Structure formats: structure tokens, C-alpha cells
Amino acid sequence: MNATLAEDSGLVASTNRKSGAGADRAFQLVTAAAAWFVLLLLGATALSMAWGGRLAFKTFGWHFVTGKDWDAVNNVFGALVPIYGTLVTSAIALIIAVPVSIGIALFLTDIAPRWSRAPIAVAIELLAAIPSIIYGMWGLFIFAPFMAANVEPWLSDHLGSKAIIGPLFSGPPIGIGMLTAGIVLGIMVIPFIATVAREVFSAVPPPLKESAVALGSTRWEILSRVTLPYTRSAIIGAVFLGLGRALGETMAVTFVLGNAHDLSASLLMPSNSIAAAIANEFTEADTELYRSSLIALGFLLFVVTFIVLTIAKLMLLRINRQYGRTH
Amino acid sequence: MAIPARRRVADAAAFGFAMAATLFGLFWLFWILWTTLRQGASALTPQLFSDMTPPPGSSGGLLNAFYGSAVMIALGLVIGAPIGVAAGTFLAEHGRYTRLASVVSFINDILLSAPSIVIGLFVYEMVVVTAGHFSGFAGGIALAMILLPIVVRTTEEALRLVPDQMREAGFALGLPRWRVTRQILYKAALSAILTGILLGVARIAGETAPLLFTALNNQFWSASLNGPLANVPVVIFQYAMSPYDEWHTLAWAGAFVLTAFVLILNILVRLLARKGK
């Protein structure tokens, strides 16, 4: 009887497996195809940017990156100004966002009363949920006039005549410019860096911190000598993640950067960024070369953010490995 | 033994800095939300939801833009969500521990943060150039590309949270793998997967850059996906950049509705997710 039962159930299982095998294979194929699709998408994006920009690269060669003339009338396109503007605004953003994000992470893991941690963390995450066009509008109508009236006159009066940093802060206080754009970008990347930093701070093994406490460390010493060294690679990863966001951010920057193709040392002056130039000019590009130049800009942006985000991801994976997690 | 003054001061400074940093972050959130609320609430009128976008210098509403946005978000959802769930399933289940899965997972995280303007350019090259004109269809595809990596990531994470015992229980019943996935794992992870999809919708609702040269904009009522389609973010962009006061007011009204939609969706999703746990 046992044998028959076993045979029966064996039969049931095997028919099941047989009828299931085809469907199983199909299901696996469909999901694998979807996964391949994600890969293809990235590859196709890179290829189509390179293809669309080939005319600009062929025409200008290295001058496309080093030339500072962006002249649609004479069909000369050098992207130095937007590249410079992208790098400077992103640098300002990181100078603001990195310390603030680490401060927020510290506050949320060690200092804030327990009941207030979740609501504050959600509020900080909501900063990332606000659409970038809202940052742009607020920047243009509220923040730029505020900078022009209150902050920039002070900067150019007090710092504009200083020896080395003077040129950075000279010029008329018009509100629109690299400093304003950099600050808005900084606010926008705070939630990305702060969220990762908070996660890794709270994943520091308690015994490490407890040992430091037992040795009489203060909170500052725990942060600077235990938490930060232990989470260093993840924090660097978080910073690169923020950098990747800042480099590619479009709408907010388009509103407050001023779309000017002049190279100026002063942070108070309008400038341009890669993303803003594409957003402003692409639908107006009336020649093949103009359009190709803008797509070539897109290609540069894509390659740079790809590299930055790859570094971010590798740094973040490293800390997982350190914890012995595989994923 | 008392702690030396120098160390106490450093500690107090760190404490103060952390608190100030948090206040700094919250300060901007409230300033931006307050501005949007104040400027937007006063611009809200019944015409906003009944009239079309006006020509310069006259009043009107955003009906065509709301419609266009809704259609393109729906299109993005219909295209992006199924592919995203399937790819996420591969990463967490069928392709787990394969080389392909780890590469895709890595690349997906990069797509997640990739500049959305580049996605707009890509869809322009692929769809708009091929078709010869701007279209709501192209806009929907661009939004699907933004949604996709979000759904992939959250689906993968949701499935990984399902305990292995549930898989083993399914296999012990003799179920083939696809039925284990479909009937047990999807059920267990349903609320987390839906959370991811809704967060993705909140994200694409505010995306402007990928629509600038795919859907473009349309001042008039158009229900066709095959031509330029009005949408809230691009209308806000164009109106805010214009010199007309009426347009600025409409831009604020649109900004208010958009922000309210995105924030409410975000908060609801978080509440639901917490309840689910």
C-alpha cells in the first residue's frame, strides 16, 4: 500500500512537473528577457547618444570639450562653459550637502529622541520627493530675489575685494547664477546623502560604539573615530551618489542658472550647465550640427554620471561585503 | 574624572552642529512647501479644472495639461510596471546568484540615478525622430523608462524579504517554480511591490526634463497620443519662464496641484507600508 501511495504521489508529482516544466521555462524566459531589457536600455541610451553626437565630435574634435565659444549663428560649438558650470555648481552643492547630511544622519541615529526619528527621517526624504521643477520655480521667484537682496551684496562687499577668493564673489548681485544654483542643488541632494548615511550609521555594530563609550569617549569622538572610519567607504559612496544626482539635475538648475554662455570666475554671475543647455536649446536647435552638439553634450553627461554612479555603487557594495552580506 | 574642557566643547559643538544640520534641512522643506501653498492656494480657481491653457495675457485653466499628464503617467505605468516586476522577479528568484542578475542589479541602480534629461534625448532619438513628430506616446515611453528601474529595485527587495520557508513550502506541495512565484511570493510581497509602483508614479508625475522634447506641449485640447500633448510639468516650466503675470499665476496653481499630489501619494504610501509591517 505504501508502495502504491508512493507511486501515486510520484505520478502526481511527475505529471505536475511535466506540465509545469514548459510553463516554468516560459516564465523564466519572460523574466530573463525583462532583465536583459534593462541592460539593453542602458546600452542603447549610450549608443544612441554617441551616434547622435558623432557629427559634433567629428567636426570639432577635442575643441568640443575645450572650446568656450557656443555660437549658434556661426555654427561653432565648444562646451567648456556648460561643463565648467556643471562642475562648479555640483561642487558648491557637495560643499553644502555633505556636512549637513552627515549632521542629519548623526542627529537621527544618536541624538534625536526616539519618537521623533521616524517623522524627521520621512520629512528629510520628502525633500527628495518634491519635483525638481518646484525647486526651480521656488528658486526663480523666491530664492534668487532673496539672494540678490540679502546675501550677494554682503558677499561682494566683504569678500569681493579679498586677495584670492575675491574674484569668486565679485560682480552685480542679480540672484541668478552659479552660487544660487549650487545652493539649490545642495538642498536637493541632501536627502540622498543623508538617507544612505543614516542607514550605514545605524548599521554600525553596537559593541564598537559601546566600547568607545566604555573608554570614556564623547559623542564627537565616537563619530569621528569609530562611526566615520567604520562607514568611510559607504559615506564616500553616498557622496558620489549625491554628485551623480547633482551633475544630471536639470530643471532646478535651468531656472536659476541664467543660461549664459560666458565664462566667468565669479560665482555670482550667470552661467550654464550641460543639462540646462540641453533643456533650453534642444527644441530651438535648427541645424543638424547644433542638434548634434546638444546630443554630444548629453553623451558627455551620461558618461560622466555613469562613471560617478559606478564608483558610488562599488563603494556602497564594499561596506555590505564588510558586513558579510552578499546583497 | 572629569572630561577635559576641550573635549567637552568639541562634543557640544558636534551636538549643536547635528541639530543645526537637521533644522537646516527641514527649514528648506518648509520654506518651499509654504511658498507653493501660499502662491498656489490663491491661484486655485474652478476654471483651473475646466478651461484650457490660455494664450498670453488672458485667463484660463490647465484641463488639457492635467488630462495629458494623466494619460502619459498611465501609459508609463502600463509599459514600465510589468517589465519592472518581471525583471525584479528575475533578479530575486529565477536568476538569483547568476552573473546576469548581479550585472542587471548593478546597472539598474545606475539607471535609477541617471539624468532624466538624457532619457528624454534617447526617446527623442528613438521615437520622435523615427515617427517624424513629437507625441504623447513618446512622452509615455520616456516616463516608463524612469519608472522601470524604480519598480525593478522595489520588486527585487520585496521578494527578497519573503522568507525562504514559504518557497520551500510551495516546492514541497509539488508546485512548479512559476506557480510558487505567482501564487505565493507575489501574494506575500504584494503590498511592498505596490508601494514601489506608487512611489514610481509619484516620481514620474513631476518629471519635466524627459517630456520637454518627447511630448513637447500643446496649447489646445488634444486626446491623441500621436501628436504633441500638453502636460503639467512642461506647462509649469514654460509659463513660469514667461513674462506674463496670468501665466505665472497658472504655473503656481499647477505647481500646487502637482506638489500636493506627489506629497500625498508619498505620505499615503509610507503609512500603508508601515501598516503592512
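Heavy-atom basis, side chains included; hydrogens, waters and symmetry copies ignored. Every chain is numbered from 1 and lettered A, B, ... according to where its sequence line falls, protein lines coming before strand lines. In this text the structure is predicted, and so the values were computed from the model without any measurement.
Your options are Thr89(B), Asp109(B), Leu111(B), Thr259(B), and the one with the most heavy-atom pairs under 4.5 Å with chain A is Asp109(B). When each of Ala118(A), Pro99(A), Ala33(A), Ser132(A) is checked for heavy-atom pairs under 4.5 Å with chain B, Pro99(A) comes out on top. When Ala14(B), Ala255(B), Ala18(B) are compared by the number of non-hydrogen pairs under 4.5 Å with chain A, Ala18(B) comes out ahead. Of the listed residues Glu125(B), Arg182(B), Arg203(B), the one with more heavy-atom pairs under 4.5 angstrom with chain A than any other is Glu125(B).
Neither the backbone nor the side chain of Ser102(B) comes within less than 4.5 Å of any heavy atom in chain A. In this structure, chain B has no heavy atom under 4.5 Å from any part of Ile307(A). Proximity to chain A (any heavy atom under 4.5 Å) is shown, for Ile83(B), by both the backbone and the side chain. Met137(A) touches chain B through backbone and side chain together, each having a heavy atom under 4.5 Å away. In this structure, the portion of Leu216(B) lying under 4.5 Å from any heavy atom of chain A is its side chain and not its backbone. Using a 4.5 Å cut-off between heavy atoms, Val152(B) touches chain A through its side chain atoms alone. The part of Ile267(B) that comes within reach of chain A is its side chain, from C-beta onward, which places non-hydrogen atoms under 4.5 angstrom from that chain. Using a 4.5 Å cut-off between heavy atoms, Ala202(B) makes no contact with chain A at all. Interface remark: Ile111(A) contributes side-chain atoms only to the contact with chain B (heavy atom separation under 4.5 Å). For Thr254(A), the parts sitting under 4.5 Å from any heavy atom of chain B are the backbone and the side chain alike. Heavy atoms closer than 4.5 Å to chain A are found in both the backbone and the side chain of Arg177(B). Contacts between Glu249(A) and chain B at a heavy-atom distance below 4.5 Å are absent for every atom of the residue. The contact between Tyr135(A) and chain B is made entirely by side chain atoms (from C-beta outward), counting heavy-atom distances below 4.5 Å. Residue contact with chain A, scored on non-hydrogen atoms closer than 4.5 Å, is absent for Leu23(B). Neither the backbone nor the side chain of Ala46(A) comes within contact range of chain B; no heavy atoms are under 4.5 Å apart. Within the 4.5 angstrom heavy-atom criterion, no atom of Pro191(A) approaches chain B. Residue contact with chain A, scored on non-hydrogen atoms closer than 4.5 Å, involves the side chain of Gln39(B) exclusively. Proximity to chain A is absent for every atom of Ala205(B), based on heavy atoms less than 4.5 angstrom apart. Contact annotation for Ile187(A): only side-chain heavy atoms (C-beta onward) come within less than 4.5 Å of a heavy atom of chain B. With a 4.5 angstrom heavy-atom cutoff, Leu241(A) touches chain B only via side-chain atoms. Both the backbone and the side chain of Ser113(B) come within contact range of chain A, with heavy atoms under 4.5 Å apart. Of the atoms belonging to Thr45(A), heavy atoms from both backbone and side chain fall under 4.5 Å from chain B. With a 4.5 angstrom heavy-atom cutoff, Ser48(A) touches chain B via backbone and side-chain atoms both. For Leu126(A), the parts sitting under 4.5 Å from any heavy atom of chain B are the backbone and the side chain alike.
Separating the CD atom in Glu125(A) from the CG atom in Leu29(B) is a distance of 12.0 Å, to the nearest 0.5 Å. Distance check: Ile134(A) CD1 to Thr35(B) OG1 gives 10.5 Å after rounding to the nearest 0.5 Å. Separation of atoms CG (Leu106(A)) and CZ (Phe15(B)) is listed at 9.5 Å; rounding is to 0.5 Å. Distance OG1/Thr22(B) to CD1/Ile104(A): 5.0 Å, rounded to 0.5 Å. Atom-to-atom distance recorded for Leu26(B):CG and Leu127(A):CG is 7.5 Å, nearest 0.5 angstrom. To the nearest 0.5 Å, atom CZ of residue Phe90(B) and atom CD of residue Gln28(A) are 6.5 Å apart.
The nearest pair of heavy atoms linking Ala275(A) to Ile117(B) is O-CD1, 3.6 Å. Considering every non-hydrogen atom in both Ser217(A) and Arg7(B), the closest pair reads CA-NH2, 4.0 Å. Of all heavy-atom pairs between Trp220(A) and Ala10(B), the closest is CD1-CB, 3.6 Å. Taking all atoms of both residues into account, the shortest heavy-atom contact from Leu212(B) to Thr283(A) is O-CG2, 4.0 Å. Annotation for Gly206(B) and Ile133(A): closest pair O-CG2, 4.3 Å, computed over non-hydrogen atoms. When all heavy atoms of Ala129(A) and Asn266(B) are compared, the pair lying nearest together is CB-ND2, 3.3 Å.
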For Phe299(A) and Val118(B), what are the C-alpha separation, side-chain angles and deciding distance, and is it a side chain to side chain contact (heavy atoms under 4.5 Å, CB included)?
-> CA-CA 8 Å; Phe299(A) 179 72; Val118(B) 172; over 6 Å; no
Test Leu39(A) against Leu100(B) for side chain to side chain contact (heavy atoms under 4.5 Å, CB included), laying out the working first.
-> CA-CA 9 Å; Leu39(A) 275 190; Leu100(B) 174 63; 3.9 Å; yes
Can Arg219(A) and Asp11(B) be said to form a salt bridge (charged side-chain N to carboxylate O under 4.0 Å, His left out), step by step?
-> CA-CA 6 Å; Arg219(A) 278 169 303 205; Asp11(B) 183 54; 3.1 Å; yes
Check the pair Phe302(A) / Phe122(B) against side chain to side chain contact (heavy atoms under 4.5 Å, CB included), numbers first and verdict last.
-> CA-CA 11 Å; Phe302(A) 188 73; Phe122(B) 171 63; over 6 Å; no
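Contact check for Pro115(B) versus Leu247(A): no side-chain heavy atoms found under the 4.5 Å cut-off. Contact of the Leu41(A) side chain with the Met145(B) side chain is registered, since non-hydrogen atoms from C-beta on lie closer than 4.5 Å. Using a 4.5 Å heavy-atom cutoff, the side chains of Phe107(A) and Phe17(B) are not in contact. When side chains are defined from C-beta on, Val38(A) does not count as touching Pro149(B), because their heavy atoms never get closer than 4.5 Å. For the pair Ile110(B) and Phe306(A), the minimum side-chain heavy-atom distance is below 4.5 Å. Under the 4.5 Å side-chain criterion, counting only non-hydrogen atoms from C-beta, Ile130(A) is in contact with Leu33(B).
A ring-centre distance under 6.0 Å is found for Phe143(A) and Trp28(B). Between Phe282(A) and Tyr124(B), the gap from one ring centroid to the other is short of 6.0 Å. The aromatic ring centres of Phe255(A) and Phe237(B) sit less than 6.0 Å apart.
When atom types are taken as modelled, the side chain of Asp24(A) and the backbone of Pro176(B) share no donor-acceptor pair closer than 3.5 angstrom.
His248(B) and Phe141(A) have perpendicular rings, their planes meeting at more than 60° on a 0 to 90° scale where under 30° would count as parallel.
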